[in-house]
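Beneath this line is the structure, given in structure tokens, with notes to follow.
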Amino acid sequence: MKYQAPRGVKDLLPPESELFRLLEDEVREVFGRSGFREIRLPLFESADLFARSIGESTDIVEKEMYLFSGKGGESLALRPEGTASLIRAAIEHRLAEPGRLERLFYQGPMFRHERPQAGRLRQFHQAGAEILGSSDPDDDVDLIATVSRHAGISRVPASRLLINSMGCPECRPGYREILVDYLEKNHDLLCETCRRRTKTNPLRVLDCKIPSCQPVLESAPHLVEFLCPASRSHFDRVCRGLEGEGISFTVSHRLVRGLDYYTETAFEWVSDALGAQSTWAAGGRYNGLVRHLGGGDVPGVGLAIGIERLFLLRELAGTLPQKAGAAVHLAVHPLEEAARPYAHRILASLRDNGISAVGIFGQTRLKKAFLQAEREGALFIGLLGGDELSTGTITIKHLATGIQKSLPTFPPEYLSKALREPWTPDPV
Ligand code: ATP
Ligand code: MG
């Protein structure tokens with residue numbers, strides 16, 4: 001019986017796992033510097049929360065959720081995204097209150113049952129940031145700038161920012177009617193899903209990727225031409241703000257969120273570097289979502305970065321964060337039985353002094369011990385035999401240059417300091 005990871009689920013192995021962690025840390029740092037504080041959310045929630053917040057006629061809710069029942073028969077789902085949980089938690093713990101501004105970020109695995117491909121997994125990672133309690137267009141600009149400046153553009157190859165406006169409950173219904181009219185006129189030229197969504201969620205039709213639908217959708221009426229004065233002004237201020245920041249963007253008329261509580265700005269960062277156009281981060285404003293989930297009248301704007309896609313793109317560009325220093329500073333190898341307790345003492349004192357150190361205990365041949373030290377990514381190997389034991393020293397060899405020195409192991413600060421300094425031959 002051989003076990004394998006489920007389809008679409010990836011084990012992250014070293015050294016890739018370390019680079020992935022560094023990238024996550026970088027994103028965390030970027031959000032932190034823009035004032036976002038971390039919220040840790042559960043990996044599963046009531047299935048109904050996602051249906052209600054993401055919307056019944058979306059890919060996620062229609063076919064991508066991992067559903068299961070609790071012992072009491074309640075219907076639960078692995079989270080397919082973070083915003084729903086975040087808003088649920090913010091309402092539950094009174095972080096989403098009229099008149100209060102809250103900047104929160106989350107990070108972690110998400111689950112969607114879709115067809116696995118490069119950059120499309122069934123368990124993947126997102127990092128997301130949300131601003132609750134502001135309807136100011138400059139907060140849209142600031143949120144976009146946070147990602148464009150610091151997580152992205154310069155380090156992601158061929159990345160472009162797309163934006164659009166979803167309007168608001170004042171102006172969108174009017175546009176929706178015009179769109180439905182148009183789609184119905186072209187009913188015969190659309191795919192099965194688009195025909196169905198013309199009735200259930202017409203804005204989502206614009207998002208269809210099926211080639212035969214493209215000509216009709218390309219010529220569909222543009223939402224931005226039907227905005228009410230307030231939405232027009234919000235959108236203009238976001239566009240002017242981005243220009244003022246020197247952040248270039250393209251207005252993309254087919255960039256939509258299908259649901260009523262998504263309002264005003266919608267945005268997406270895409271890159272063509274991976275072949276097919278790929279969205280590596282996306283977000284938008286949702287002034288109606290908190291109320292829709294049972295909270296007060298609290299506007300919000302947020303985004304989510306797909307970490308696997310960001311990783312692939314930055315790997316391609318050679319702009320992944322760099323690991324500082326070796327994985328292991330020193331590998332300690334006792335050459336005889338009597339030196340083993342001495343080896344343990346040295347390992348403990350080095351680790352206490354901030355030096356990463358491993359013991360090489362299972363190898364009886366010196367050559368094998370060196371090979372293991374190299375495989376573990378060690379910078380130095382330290383040998384302990386009878387001489388070292390009796391004199392309280394350790395013989396240390398720098399693996400890359402072969403430069404060897406004998407150093408006292410006491411006081412421990414002395415040894416750890418010597419290991420951090422440039423390793424040059426002792427003067428003869
Ligand atoms: P797509 O159109 O590619 O399916 P989406 O609209 O479903 O994306 P969002 O729900 O907006 O994506 O999620 C935000 C980001 O999370 C995406 O831009 C992408 O980078 C990432 N993402 C979404 N689904 C997956 C997945 N299955 N595997 C890896 N990353 C994903
Ligand atoms: Mg999707």
Side-chain angles (χ1 to χ4, degrees), residues 5-10 12 20 23-24 27 50-51 53-55 57-66 77-87 105-130 143-144 147-148 151-153 156-164 166 193 197 201 203-210 213 217 252 254-259 262 265-286 289 301-316:
R7 206 165 116 74
V9 168
K10 212 175 139 209
L12 262 178
F20 199 87
L23 185 61
E24 284 179 324
V27 171
F50 299 118
S53 65
I54 301 165
S57 51
T58 55
D59 285 348
I60 294 180
V61 174
E62 277 179 352
K63 52 187 192 213
E64 294 173 2
M65 281 214 285
Y66 281 93
L78 293 182
R79 62 178 188 190
E81 54 109 64
T83 305
S85 306
L86 185 136
I87 302 294
F105 81 86
Y106 60 84
Q107 198 165 41
M110 306 294 161
F111 308 86
R112 295 184 194 179
H113 187 94
E114 34 188 345
R115 207 158 55 80
Q117 343 166 4
R120 189 177 297 283
L121 294 155
R122 291 182 175 175
Q123 175 174 336
F124 62 100
H125 295 76
Q126 281 184 345
E130 320 271 355
L143 187 65
I144 293 172
V147 169
S148 275
I153 302 295
V156 172
S159 187
R160 291 176 295 128
L161 169 64
L162 308 178
I163 75 170
N164 195 15
M166 293 293 93
T193 311
R197 286 188 176 161
N201 192 345
L203 266 78
R204 282 298 291 209
V205 173
L206 295 174
D207 197 33
C208 178
K209 304 286 187 309
I210 292 180
C213 293
L217 301 180
S252 169
R254 292 177 51 193
L255 172 59
V256 286
R257 303 277 177 272
L259 301 153
Y262 291 112
T265 333
F267 43 89
E268 222 169 78
W269 287 264
V270 300
S271 168
D272 299 321
L274 291 172
Q277 179 182 86
S278 151
T279 303
W280 60 270
R285 183 163 272 290
Y286 45 78
L289 182 56
V301 60
L303 60 84
I305 300 175
I307 303 293
E308 278 81 1
R309 293 191 196 170
L310 181 60
F311 188 98
L312 283 170
L313 288 164
R314 292 197 34 189
E315 188 178 42
L316 198 73

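What you see below is based on every heavy atom in this structure, not just the backbone, and it leaves out hydrogens, waters and symmetry mates. Because the structure is a prediction, the values reported are computed rather than measured. Whatever order the structure lists ligands and atoms in, that order sets their numbers, starting from 1.
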Of all the non-hydrogen atoms in the protein, which one sits nearest to atom 22 (N) of ligand 1, and at what distance?
Phe124 CE1, 3.5 Å
Here the pair of heavy atoms bringing Ile54 nearest to Thr58 is O-CG2, 3.2 Å
What closest approach, in Å, do Val156 and Ser271 show between heavy atoms, and which atom pair accounts for it?
CG1-CB, 4.3 Å
Evaluate Arg309 for polar contact with ligand 1, using N/O atom pairs at a separation under 3.5 Å.
yes
Only heavy atoms count here, so choose which of Glu268, Gln123, Arg112 is nearest to atom 9 (P) of ligand 1.
Arg112
So, applying salt bridge (charged side-chain N to carboxylate O under 4.0 Å, His left out) with Asp59, which one of Arg112, Arg197, Arg115 is it?
Arg197
Quick check on atom 6 (O) of ligand 1 - does any protein heavy atom sit closer than 4.0 Å to it?
no
Are any of the N or O atoms of Leu121 closer than 3.5 Å to those of ligand 1?
yes
Nearest heavy atoms of Met65 and Phe50, plus distance in Å:
SD-CB, 3.6 Å
Is there a heavy atom of Arg120 sitting under 4.0 angstrom from any atom of ligand 1?
yes
Fit a plane to each ring of Phe20 and His125, take the angle between them on a 0 to 90° scale, and name the class: parallel (under 30°), tilted (30 to 60°) or perpendicular (over 60°).
perpendicular
Flag Glu114 as yes when one of its N or O atoms lies below 3.5 Å from any N or O atom of ligand 1, and as no otherwise.
yes
Between CG of Leu303 and CZ of Arg285, what distance do you get to the nearest 0.5 Å?
12.0 Å
Part of Ala281 within contact of ligand 1 (heavy atoms, under 4.0 Å)
backbone
Does the plane of the ring in Trp269 sit parallel, tilted or perpendicular to the ring in Trp280? Use 30° and 60° as the thresholds.
tilted
Would Glu81 count as a contact residue for ligand 1, given that I'm defining contact as a non-hydrogen atom of the residue lying under 4.0 Å from a ligand atom?
no
Nearest heavy-atom approach of Phe267 to Leu255 is CA-CD2, 3.7 Å
What protein heavy atom sits nearest atom 11 (O) of ligand 1, and how far off is it?
Ala282 CB, 3.7 Å
Protein heavy atom at shortest distance from atom 18 (O) of ligand 1:
Thr279 O, 3.2 Å
To check you understand the geometry: which heavy-atom pair defines the closest contact between Ser278 and Arg309, and what is its length?
OG-CD, 3.6 Å
Which atoms of ligand 1 have any heavy atom of Trp280 under 4.0 Å away?
18 (O), 20 (O)
for atom 16 (O) of ligand 1, nearest protein heavy atom and its distance come out as Gln126 NE2, 3.0 Å
Atom 29 (C) of ligand 1 [closest protein heavy-atom partner, distance rounded to 0.1 Å]:
Gly119 O, 3.2 Å
Select the closest option to atom 21 (C) of ligand 1 among Ala118, Gly306, Gly128, judged by heavy-atom distance.
Gly306
For the student: nearest non-hydrogen atoms of Tyr262 and Ser53, plus distance:
OH-O, 4.0 Å
